[in-house]
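Some notes on the structure that comes next.
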2 protein chains.
Amino acid sequence: MNKCEQCIVRQFSSLKALNKDELIRMAECKTSYTIKKGEPIFEEGEVTNGIYCIKDGVCKLSKLSDNGKDQIVKLVKPGELLGQRSMISDEPANLSAIALEDMEVCFIPRSEVMQFFNENNQFSMNVMKTICEDLKGADDHIVNMAQKTVRQRLVETLIYLEETFGKNEDGSLHIQLSREELAGMIGTATESCIRLLSELNKSNLIELNGKKIFITDKNKLKRFS
Amino acid sequence: MNKCEQCIVRQFSSLKALNKDELIRMAECKTSYTIKKGEPIFEEGEVTNGIYCIKDGVCKLSKLSDNGKDQIVKLVKPGELLGQRSMISDEPANLSAIALEDMEVCFIPRSEVMQFFNENNQFSMNVMKTICEDLKGADDHIVNMAQKTVRQRLVETLIYLEETFGKNEDGSLHIQLSREELAGMIGTATESCIRLLSELNKSNLIELNGKKIFITDKNKLKRFS
DNA sequence: AAATTTGTATGACAAATATCATATTTTGTT
DNA sequence: AACAAAATATGATATTTGTCATACAAATTT
């Protein structure tokens, strides 16, 4: 069993507030999982009964809409926690969490987290601030979805992907989404997404090579939207 | 100075967890305001330094988008608190709060609320659960904005308005929004909103009489979307 | 009461986006 | 390597939505 004390990603989450004793307790009750690309960590409506700490890999939080399409609400990266809202609301998950890459995650049971939550004020404050950030982000997201064109949303999403998840050595976006997933982030039809990518490609703002996307001219791209 | 103890709307908010002593302390430091229809309680970017308890009247939470249009993110009714997220994040307001009717609100300074927050566990838990509800609502809102048509959003908004804020004696929606505001809720151009309302009117699903909107056949309206 | 401003309504048109069809490419499987 | 399945790409077209112009109505001011 790995020690939570020595886990680097913990430092980036609310868990950084836990003391040595608490970390040892956590290490004893946690379960580590490996999740393959495409597999769910949990799904919409599922009772999670605990939180997940993302050690490695990125996942999407999405929700199935009435029209049968999956809308991606947020991407989550290593160091973040999943399931905090459900834990506090004591409700099933509102969103599905699906791995976009092979992942390593640790599950910490609700009972244990709630104990930290009640006895460690800094920890609960951290959790709360994270949820508040999420709420602010979601409100801004609503405004963008409601007021921006598909092209603007696509351009901004591409820039977000580069700035948040970085580039490979060859300069391509590190996070590889299928066209369908990218469409699911910006809230449009897959064909529209493909078409706009082609257009940006032809305008020499991005370059497409198979699944790889290169942002050729970020400044021009920003201005374009 | 009115006593918070005797205030009914307090019972509907997180403040219901406060004990008698705390309520007396709150009554001493609160400030009561009257806000006229159309006036702001606070605006985007403003440092609020406390929370507002809505005693009477409804307000909109909105954000100005880059395209110059105001997107309404949420409506807030009596019994709810405003500014909780800003208080916890210790950040300026992310949204503007503008009165849709004449309002009565009480302002409670940040210092006081944070004291309740730290010493009264039930209160802080209530605040957190409210923020979690808001986050869930916002996530769902994102999916609707991204995946539903303007017509669907309009229909669902009309039904939401009736079910949340009720009807007048004559059967019209109690909350009166201008066409521009309604367009700002569903995220569309004012003209498009007006046109779709006319269409619903011609299809005998709703009835328009000046600013008044009557939902004639709610079930058919639901199915229509 | 007349005049001005503001909000609502509608037509005409343009632009954006979705849908359906089909081709091409990539990926995975046998 | 050959095949099947899935993903990507593109054309044609329909539909939705936005924009601009203008008319009309209601509220407000003078």
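Values reported hereafter were calculated over all heavy atoms of this structure, with side chains retained and with hydrogens, waters and symmetry mates removed. We name chains A, B, ... by the order of the sequence lines, and we start the count at 1 in each one.
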If the cut-off is 4.0 Å, is [X] near the phosphate of [N], judged by side-chain N/O to OP1 or OP2?
| X | N | value |
| --- | --- | --- |
| S192(B) | dG18(D) | yes |
| K211(A) | dT8(D) | yes |
| K69(A) | dT19(C) | yes |
| R195(A) | dT17(C) | no |

Does R85(B) reach the side chain of D134(B), with side-chain heavy atoms less than 4.5 Å apart?
no
With K60(B) as reference, evaluate E39(B), E101(B), E181(B) under the salt bridge (charged side-chain N to carboxylate O under 4.0 Å, His left out) test and give the passing residue.
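Passing option: E181(B).
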When the distance from [atom1] of [X] to [atom2] of [N] is rounded to whole Å, what number comes out?
| X | N | atom1 | atom2 | answer |
| --- | --- | --- | --- | --- |
| E191(B) | dA14(C) | CD | P | 17 Å |
| I194(A) | dT17(C) | CD1 | P | 16 Å |
| L182(A) | dT8(D) | CG | P | 10 Å |
| K202(B) | dG11(C) | NZ | P | 6 Å |
| L196(A) | dT17(C) | CG | P | 7 Å |
| E199(B) | dT16(D) | CD | P | 9 Å |
| R179(B) | dA25(D) | CZ | C1' | 12 Å |
| R151(B) | dG18(D) | CZ | C1' | 15 Å |

Lys/Arg-Asp/Glu bridge criterion (N-O < 4.0 Å) met for E91(A), K129(B):
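No, this pair does not count.
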Electrostatic pair K74(B)-D139(A), nearest N-O below 4.0 angstrom
no
For DNA chain D, whose closest nucleotide is more 5', that of A146(A) or that of L208(A)?
L208(A)
Touch class at under 4.0 angstrom, heavy-atom based, for T190(B) against every strand present
nothing
Does either side chain, that of K63(A) or that of N94(A), offer a donor lying less than 3.5 Å from an acceptor on the other one?
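Result is yes, a qualifying pair exists.
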